[in-house]
Protein chains: 4
Amino acid sequence: MGAVKTKRMPRAVREQQMLDAAVEIFGRRGYMAASMDEIAELAGVSKPLVYLYLNSKEDLFTACIRREAKALVEAVRAGVHTDLPADRQLWDGLQAFFAHTGQHPHAWSVLHLQARTHGEPFAAEVAAMRAEIVAFVTQLIAVAAREAHRAPDLPEHEVAGLAEALVGAAESLAAWANTTEGVSARQAAATLMNFAWAGLGNLMGGRPWTAPPEPQPLT
Amino acid sequence: MGAVKTKRMPRAVREQQMLDAAVEIFGRRGYMAASMDEIAELAGVSKPLVYLYLNSKEDLFTACIRREAKALVEAVRAGVHTDLPADRQLWDGLQAFFAHTGQHPHAWSVLHLQARTHGEPFAAEVAAMRAEIVAFVTQLIAVAAREAHRAPDLPEHEVAGLAEALVGAAESLAAWANTTEGVSARQAAATLMNFAWAGLGNLMGGRPWTAPPEPQPLT
Amino acid sequence: MGAVKTKRMPRAVREQQMLDAAVEIFGRRGYMAASMDEIAELAGVSKPLVYLYLNSKEDLFTACIRREAKALVEAVRAGVHTDLPADRQLWDGLQAFFAHTGQHPHAWSVLHLQARTHGEPFAAEVAAMRAEIVAFVTQLIAVAAREAHRAPDLPEHEVAGLAEALVGAAESLAAWANTTEGVSARQAAATLMNFAWAGLGNLMGGRPWTAPPEPQPLT
Amino acid sequence: MGAVKTKRMPRAVREQQMLDAAVEIFGRRGYMAASMDEIAELAGVSKPLVYLYLNSKEDLFTACIRREAKALVEAVRAGVHTDLPADRQLWDGLQAFFAHTGQHPHAWSVLHLQARTHGEPFAAEVAAMRAEIVAFVTQLIAVAAREAHRAPDLPEHEVAGLAEALVGAAESLAAWANTTEGVSARQAAATLMNFAWAGLGNLMGGRPWTAPPEPQPLT
DNA sequence: TATGAATGAGGGTTCATTCAT
DNA sequence: AATGAATGAACCCTCATTCAT
């Protein structure tokens, strides 16, 4: 199952093999439970070579996060055409997102679970990527509102909250789509678009929702 | 900071002290990085006693998950009054959810991050709780639709997807609310209700969203 | 050859056994070449127990240095009676010194070679002991001079240099006495007393030695 | 700080660069802690070249010891003029010794500490050099005694002991002179000459020292 | 003459777990 | 009801050393 044992490869190639193996093992076992021995074996090299090229378990993990974060962002970017309407951009982006995470489950596990579960060096790394995506979505929502000649006065932090919720929902659905039989990337994206665009309110006949008054302490 | 060292306590009490300590350490360090030594010390007992009562690290972790899952579900249940309208039930449930997770961050970390990050014995445990909540939300959505005399033909798996998305968004927002300064449980709940009920569509002037046609392979 | 494997001993006893083993191995192999495995085996315990009681290789080494430094100083102190004349005190001290180092060659190796060969944590430890001994000798020389109603104006730093030279010579002779067949502690002490007291000058018929004039740079 | 990276140099030159680097690293880190990697890097060559020229870490260390031992002996020899009186020869030799060790602290560390701290291959190497110096001093003492028409019957092993003590004191003072601020080679040599020639006895008004009778076991 | 690529072996350290009291 | 004493197994990391060019 591991890489075929080929000897004497240039450093750049070997490094990618090591990262491939590391992403798989980190994704499967988790950061702490992953052993450098297993990673080296899967990469088809000896352990010292892994250390020679990637310094330490922490550095190796960081390198994995960086590579996979970059790959995910690029996959989403490649799926989006900025000259299309905002809703279409969101739809395309979501599809690309679900497709990529579905095709690289270990990488998604590394980004979504492992990196956030362990301390600051790693969480920051993935937080940067997430911020980038949230910013992208925030801007899409703003553009969409403008296109619809609506909500010129939508408060900014409200939009941020909505974007956060959308991205959060997408992240959760990624796990759902990857685990549940018969749910494709397209279906996951459609569900989320329906949820986000039409809202549940549509089901209720347009009756808008308003928060009940905050309970006051008895005087 | 740990439990006061009192000798000769009944077993049930000691067990709760141990679980308290374990939840805190598991939540802070993660499952693998948590050491039985640290847990025993924080609980104010010797290590063999932990093993005598809770058998193994795995069993201890499982016990933590079970206790905290039950507590979370009960907290949400206690916040909801089933004789109120569906939207009010959802609103109350969300508030209870965000309040409880905010007040028990270690417990939420155990349920949301640690349990899912490590293999099958634990993921299943928390999946059961999640299924319970998703079912509750699914039924709420159905009730709401019926109350509004709408969507009599809404396909079931569509509703399930929406519920999944809603719960996922809530889980993501929990982290957001707990980390972001100045975001209270009430605000997080409001943001999510707006998102779910009004949808983004409202911003767009009611223009409904429809998926573009699936690309067909060339004949 | 190692300690008899007796189970379940109180901590204090086990610690001494470990220090015994550690001193022997450190003395034989040197600090870096000594392996914790070998030390544990010689002590008749498992490695984790060594770490449980003594924390780390560095701490173990420090503990060895402290114990042996204290033992050596006490051995010398026990040999000296402060109510005897100064020369007799020096003679007795030297004998005790050579006897102790001869009987504990590994300990002497740890103090004289290993501790000084490795960085600051350790060198400082043994420097303190050495300073104590040098101070003792310095004072002895001063007392001897006073007893002889001589050298009331002997400059202090001169005395310090002499004491340093005497202690250095003693340390070197310790190795010589321990390695050379047929040289006892008594003989080593006698040689050094002759050297220090009578000086080589006696051999020369009392002709005192004076430094030639320092060469001046050409004007 | 390392050698400038120049390609294609004759073997003899490269070897000296490697030995320079090795002496510095061995002196700074100690034999075991020194890594071939660091030595090669400081020498400005690749590791295989070090092995090609010097075979192994042991051989490299031996080569260092040999080169530096030779250099030290030659430095002392160059400082001594055999046609001068014995005390002047000793004085000049000591000055040369302290000057050389002060100027080459890493080399002195290799000879005095590292070589003796590690097993037989190396200790023998430096013991040979030391024996040469002790023999030189022994002969100087004998000559001085003859010049003074004294001590025709001085037992040989007594002289050897005195020489040993003198050399040992010199070695110890070398460390003292190199570490203590404001102690020059000249001062160190003067202190030692005073100690050796005049002796402490001079301070005592010529009162000779005699060993107290050896304690007899009770009959 | 010179080096990039690669590894077997071993060392320090920690952990979950048990025994005997 | 509770603990001090003890360990097998594994993990991260480093090093001296070689191969193929």
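Heavy-atom basis, side chains included; hydrogens, waters and symmetry copies ignored. Quantities reported herein were computed from a predicted structural model and do not represent experimental measurements. Below, chain A is the first sequence line, B the second, and so on; all start at residue 1.
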### Message
Is it the case that the ring center of W108(D) lies less than 6.0 angstrom away from the ring center of H104(D)?
### Response
no
### Message
Side-chain N or O of Y51(C) versus OP1/OP2 of dT14(E): is the shortest distance under 4.0 Å?
### Response
no
### Query
Expressed in angstrom and rounded to an integer, what is the separation of I25(A) atom CD1 from dC12(F) atom P?
12 Å
### Query
What is the distance from OH of Y53(D) to C1' of dT3(E), rounded to the nearest Å?
12 Å
### Task
Tell me which nucleotide among dC12(F), dT3(F), dA16(E) gets nearest to the side chain of V45(B).
dT3(F)
#### Entry: Who pairs with dA20(E) - Watson-Crick or G-U, where each distance is under 3.5 Å
dT3(F)
### Query
To the nearest Å, how far apart are L49(A) CG and dT14(F) C1'?
14 Å
### Task
Nearest-nucleotide wise, let me know which of P10(D) and S46(A) is further upstream toward the 5' end of DNA chain E.
P10(D)
### Task
With K57(B) as the cation and Y51(B) as the aromatic partner, state whether NZ or CZ is under 6.0 Å from the six-membered ring centre and within 45° of the axis.
no
### Query
Does R14(C) put a side-chain nitrogen or oxygen below 4.0 Å from OP1 or OP2 of dA5(F)?
no
### Query
Expressed in angstrom and rounded to an integer, what is the separation of E38(C) atom CD from dG11(E) atom P?
9 Å
### Query
For L54(D) and dA16(F), what is the distance between atoms CG and P respectively, to the nearest whole Å?
14 Å
### Query
Quick one: which of dA16(E), dT3(E), dA6(F) gets closest to the side chain of M9(C)?
dA6(F)
### Query
Got a donor-acceptor pair under 3.5 Å from the side chain of K47(D) to the base of dT3(E)?
no
### Query
Taking atom P of dG11(E) as reference, at what distance in whole Å does atom CE of M32(C) sit?
11 Å
## Note on the structure
Per nearest nucleotide of DNA chain F, the residue lying toward the 5' end, N55(D) or P48(A), is P48(A)
### Query
At under 4.0 Å between heavy atoms, what does A34(A) touch on the DNA or RNA strands: base, sugar-phosphate, or nothing?
sugar-phosphate
### Positive for side chain to side chain contact (heavy atoms under 4.5 Å, CB included) with I39(C), one of I25(C), L19(C), V23(C)
I25(C)
### Task
Tell me which of S56(C) and L52(D) sits closer to the 5' end of DNA chain E, going by the nucleotide each one is nearest to.
L52(D)
### Query
Does R29(A) pair with E38(A) as a salt bridge, N-O distance under 4.0 Å?
yes
### Query
Near R67(C) CZ, under 6.0 Å, is it more than 12 heavy atoms from other residues, nucleotides or ligands?
yes
### Query
Between atom CZ in R8(C) and atom C1' in dC19(E), what is the gap in whole Å?
5 Å
### Query
Whole Å only: how far is the CG atom of D37(B) from the C1' atom of dG4(F)?
13 Å
### Message
Students often get this wrong, so: under 4.0 angstrom with heavy atoms, is R11(D) touching a base, only sugar-phosphate, or nothing?
### Response
nothing
### Query
If we call it a pair only when both distances are under 3.5 Å in a Watson-Crick or G-U wobble match, what pairs with dG12(E)?
dC11(F)
